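All residue numbers in this chain count up from 1 along the given sequence. Since we're looking at a predicted model, the values are computed, not measured.
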Amino acid sequence: MLFGIYTSFFFLIFGTVSLVFGDDWEKSNEDKWNAAFMETVARGEKLFHGPELGGNTVQCAMCHPNATNTHPETYPKFQKQIGKVSTLREMINWCIQNPLQGKPLAYDDPKMIALEAYIMYERRNSVLVPGKH
């Protein structure tokens, strides 16, 4: 009983704090956020279709024109090439290291985020089905 009272009090206090200090939604903020996202998508598209990521002449788009057959909506899932349940970012790095013969990107690298944004944007109308093959 005492635990329930403390739990309720905790959520009341921290729920109120998050309402007070949460992001202020304004149309002007949404426009800025969407513009920043689309700039990131554009950077990802350029990387995806360009030679910058590889150590050879292979580009992501050679195997995946317009990010087709990347299926980001199915991650995380078991990837045979990697030998474990993997994230989209791990698969992106596998492709960079193997077909492209480039150096892997840190998961928080702006290039990685741009690639992920572009791939997800191209598949934006797909239903999420994690684990599907």
Side-chain angles (χ1 to χ4, degrees):
M1 173 82 173
L2 192 56
F3 176 75
I5 293 171
Y6 284 123
T7 303
S8 297
F9 181 73
F10 174 83
F11 285 111
L12 175 68
I13 295 298
F14 287 101
T16 303
V17 168
S18 74
L19 288 174
V20 172
F21 294 105
D23 289 334
D24 292 330
W25 186 89
E26 294 178 13
K27 182 66 176 160
S28 62
N29 284 340
E30 184 180 10
D31 293 342
K32 286 189 291 189
W33 297 334
N34 287 337
F37 174 71
M38 291 311 297
E39 287 171 14
T40 303
V41 168
R43 281 195 305 276
E45 182 177 20
K46 185 177 178 184
L47 289 166
F48 201 86
H49 293 274
E52 183 180 339
L53 298 171
N56 53 24
T57 59
V58 177
Q59 301 168 9
C60 302
M62 290 178 168
C63 295
H64 309 284
N66 299 318
T68 58
N69 201 29
T70 55
H71 304 292
E73 69 278 3
T74 65
Y75 286 90
K77 68 179 177 184
F78 186 86
Q79 274 304 137
K80 183 178 177 185
Q81 302 94 318
I82 298 173
K84 67 179 184 119
V85 173
S86 304
T87 65
L88 177 60
R89 290 180 186 187
E90 288 173 303
M91 195 62 208
I92 290 169
N93 267 340
W94 183 89
C95 288
I96 289 171
Q97 290 177 279
N98 292 282
L100 277 65
Q101 297 178 352
K103 295 185 185 204
L105 301 172
Y107 294 145
D108 62 347
D109 186 309
K111 290 178 185 177
M112 175 63 80
I113 294 166
L115 285 166
E116 187 178 47
Y118 170 67
I119 292 167
M120 296 295 288
Y121 185 76
E122 285 295 308
R123 302 284 297 181
R124 66 191 170 278
N125 294 320
S126 300
V127 176
L128 294 176
V129 285
K132 181 181 179 195
H133 284 274

My understanding is that only residues two or more places apart in sequence, or in another chain, count here; which of them pass side chain to side chain contact (heavy atoms under 4.5 Å, CB included) with P76?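 Partners of P76 by the side chain to side chain contact (heavy atoms under 4.5 Å, CB included) criterion, ordered by chain and then number, come out as V85, P130.
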Can you list the residues that meet the side chain to side chain contact (heavy atoms under 4.5 Å, CB included) rule with I113, with sequence neighbours excluded?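 Checked I113 against side chain to side chain contact (heavy atoms under 4.5 Å, CB included); matches are T40, R89.
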In the single-linkage hydrophobic clustering (I, L, V, M, F, W, Y; side-chain heavy atoms under 4.5 Å), do W33 and Y121 co-cluster?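 Not linked; separate clusters.
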Transitive ILVMFWY side-chain link F78 to V129, under 4.5 Å: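 No; tracing contacts between hydrophobic side chains, which count when under 4.5 Å, never links both residues.
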Can you list the residues that meet the salt bridge (Lys or Arg N to Asp or Glu O under 4.0 Å) rule with E39, with sequence neighbours excluded?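 Scan of E39 (salt bridge (Lys or Arg N to Asp or Glu O under 4.0 Å), adjacent residues dropped) gives none.
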Heavy atoms only: give me the nearest [X]-[Y] pair and the separation to one decimal.
X: P72; Y: M120; answer: CB-SD, 3.2 Å
X: L53; Y: C60; answer: CD1-SG, 4.1 Å
X: H71; Y: N69; answer: NE2-OD1, 3.2 Å
X: Y75; Y: T70; answer: CE1-O, 3.7 Å
X: D109; Y: L105; answer: OD2-CD2, 3.9 Å

With side chains defined as the heavy atoms from C-beta onward, is the minimum distance between [X] and [Y] less than 4.5 Å?
X: H64; Y: F48; result: yes
X: M112; Y: I92; result: yes
X: N98; Y: Q81; result: no
X: N66; Y: H49; result: yes
X: P104; Y: W94; result: no
X: K132; Y: K77; result: no

Looking at [atom1] of [X] and [atom2] of [Y], how far apart are the two atoms once the value is rounded to the nearest 0.5 Å?
X: R43; Y: Y118; atom1: CZ; atom2: OH; answer: 15.0 Å
X: S86; Y: Q79; atom1: OG; atom2: CD; answer: 6.0 Å
X: M91; Y: I119; atom1: CE; atom2: CD1; answer: 10.5 Å
X: E30; Y: K32; atom1: CD; atom2: NZ; answer: 12.0 Å
X: R123; Y: T68; atom1: CZ; atom2: OG1; answer: 8.0 Å
X: L47; Y: L115; atom1: CG; atom2: CG; answer: 5.0 Å

Quick one: do L88 and E116 satisfy side-chain contact (heavy atoms from CB on, under 4.5 Å)? Show the steps, please. CA-CA 8 Å; L88 177 60; E116 187 178 47; 3.9 Å; yes
